[in-house]
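To start, the structure under review is shown below, and the notes come after it.
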Amino acid sequence: MKIKLFYWVIIGCIGLLSCEKKDGGQFEKDVQLMANLECEARQLKEERFNAANDIRLMEDSLAKHHLPLSPAQSQRIDSVKTAYTLRTGQLAEKITKTMDSLFAVSYKTIEQRQAFDAATEKKLQEVCK
């Protein structure tokens, strides 16, 4: 009887350890996914900032010479703003849905979320330079 119990304990431990490895692998995939999305968001933010800065410089240059924006310039600026607004909204929605999904399924406790956030931040430093 003791031998059978011992074997069941060993099999149970192996089962738990194998689940732990699978979860650890999934954890790394989840961290990589969020780090990539956050890196993309930071890069998009930088792009938006640079585009806005270019627009301000062009407008300031024209204002300095008392020249109005041409209809083509105004249309181009509106087009750039619309494109960035659309991309930003889509990325924000993707990040929100991903986080909601991960938190609903895998990271339900505060401790799990904190560990996930810390690992994501660490991976973000590696991925997004």
Side-chain angles (χ1 to χ4, degrees):
M1 181 69 180
K2 289 182 181 182
I3 293 174
K4 285 183 180 180
L5 180 62
F6 176 75
Y7 284 123
W8 281 113
V9 169
I10 296 294
I11 290 170
C13 289
I14 291 171
L16 287 174
L17 290 175
S18 68
C19 288
E20 182 90 16
K21 288 181 182 177
K22 288 180 185 176
D23 289 345
Q26 187 60 47
F27 180 80
E28 288 302 317
K29 288 178 185 176
D30 294 344
V31 165
Q32 183 70 46
L33 173 63
M34 282 309 301
N36 288 341
L37 288 173
E38 288 186 31
C39 184
E40 186 178 345
R42 287 182 182 187
Q43 290 169 344
L44 182 57
K45 179 182 175 184
E46 189 66 29
E47 281 182 44
R48 283 192 337 255
F49 177 81
N50 290 336
N53 198 37
D54 290 344
I55 291 169
R56 276 192 296 277
L57 289 173
M58 181 184 67
E59 289 175 336
D60 289 348
S61 177
L62 289 172
K64 187 184 233 182
H65 294 91
H66 305 289
L67 298 172
L69 281 173
S70 72
Q73 289 170 324
S74 186
Q75 185 179 7
R76 183 173 171 272
I77 289 170
D78 289 344
S79 174
V80 168
K81 287 179 181 179
T82 301
Y84 278 118
T85 300
L86 182 62
R87 284 178 59 198
T88 301
Q90 289 171 338
L91 184 56
E93 186 175 337
K94 186 175 182 179
I95 290 171
T96 300
K97 285 183 178 181
T98 301
M99 287 179 66
D100 288 348
S101 173
L102 290 173
F103 288 169
V105 173
S106 301
Y107 310 104
K108 295 180 180 181
T109 67
I110 292 173
E111 294 81 15
Q112 289 172 325
R113 290 179 183 186
Q114 288 173 339
F116 180 74
D117 288 344
T120 299
E121 186 60 36
K122 183 177 178 182
K123 180 62 80 174
L124 186 59
Q125 300 305 317
E126 297 170 13
V127 172
C128 199
K129 296 178 181 183

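With hydrogens and angles left out, the side-chain atoms of Glu28 and Gln32 include no donor and acceptor closer than 3.5 Å. In the model, Asn36 has no side-chain atom that pairs as donor or acceptor with a side-chain atom of Glu40 under 3.5 Å.
Under 4.0 Å is where a charged nitrogen must lie from a carboxylate oxygen, and between Glu126 and Lys123 at least one such pair does. With respect to the salt-bridge test (charged N to carboxylate O, under 4.0 angstrom), the residues Lys97 and Glu93 qualify.
Atom CG of residue Leu62 and atom CG of residue Leu57 lie 11.0 Å apart, to the nearest 0.5 angstrom. Here the CD atom belonging to Gln73 is positioned 11.0 Å from the CD1 atom belonging to Ile55, to the nearest 0.5 angstrom. Going from atom CG of Leu33 over to atom CD of Gln26 covers 9.5 Å, rounded to the nearest 0.5 Å. Once rounded to the nearest 0.5 Å, the distance linking CG of Leu91 with CD of Glu38 reads 10.0 Å. Remark: Asp100 CG to Ile95 CD1 distance equals 12.0 Å, nearest 0.5 Å.
Using a 4.5 Å heavy-atom cutoff, the side chains of Leu37 and Met99 are not in contact. A heavy-atom distance below 4.5 Å is found between the side chains of Met58 and Ile77. Residues Met34 and Asp117 form no side-chain contact, since every pair of their non-hydrogen atoms from C-beta on lies 4.5 Å or further apart. A 4.5 Å side-chain heavy-atom check between Gln90 and Leu86 finds at least one atom pair inside the cut-off.
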Task: side chain to side chain contact (heavy atoms under 4.5 Å, CB included) evaluation trace for Arg87 with Glu47 - done: CA-CA 11 Å; Arg87 284 178 59 198; Glu47 281 182 44; 3.1 Å; yes
Open item on the list: Please evaluate residues Arg113 and Phe103 with respect to the criterion side chain to side chain contact (heavy atoms under 4.5 Å, CB included), reporting the C-alpha separation (whole Å), side-chain torsions for both, the decisive distance (0.1 Å), and the verdict.
Closed with: CA-CA 7 Å; Arg113 290 179 183 186; Phe103 288 169; 3.5 Å; yes
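The two residues Ala35 and Leu124 make their nearest non-hydrogen contact at O-CD1, 3.3 Å. Across every non-hydrogen atom of Tyr84 and Ala51, the tightest pair is CE1-CB, 3.6 Å. Residues Ala119 and Val31 approach most closely at O-CG1, 3.5 Å, considering heavy atoms.
Residue-environment remark: CD (Glu121) exceeds the threshold of 12 foreign heavy atoms within 6.0 Å.
In terms of modelled atom types and a separation under 3.5 Å, the side chain of Thr85 and the main chain of Lys81 share a donor-acceptor contact. Judged by distance alone, the side chain of Gln112 and the main-chain N or O of Thr109 form a donor-acceptor pair under 3.5 Å.
Taking the six-membered ring where the residue is Trp, Tyr107 and Phe116 present parallel rings, their angle staying beneath 30° rather than reaching 60°.
Applying the disulfide bond (SG atoms under 2.5 Å apart) test to pairs two or more places apart or on separate chains, none has a residue in residues 55-119. Screening residues 86-129 for disulfide bond (SG atoms under 2.5 Å apart), with sequence neighbours left out, gives Cys39-Cys128.
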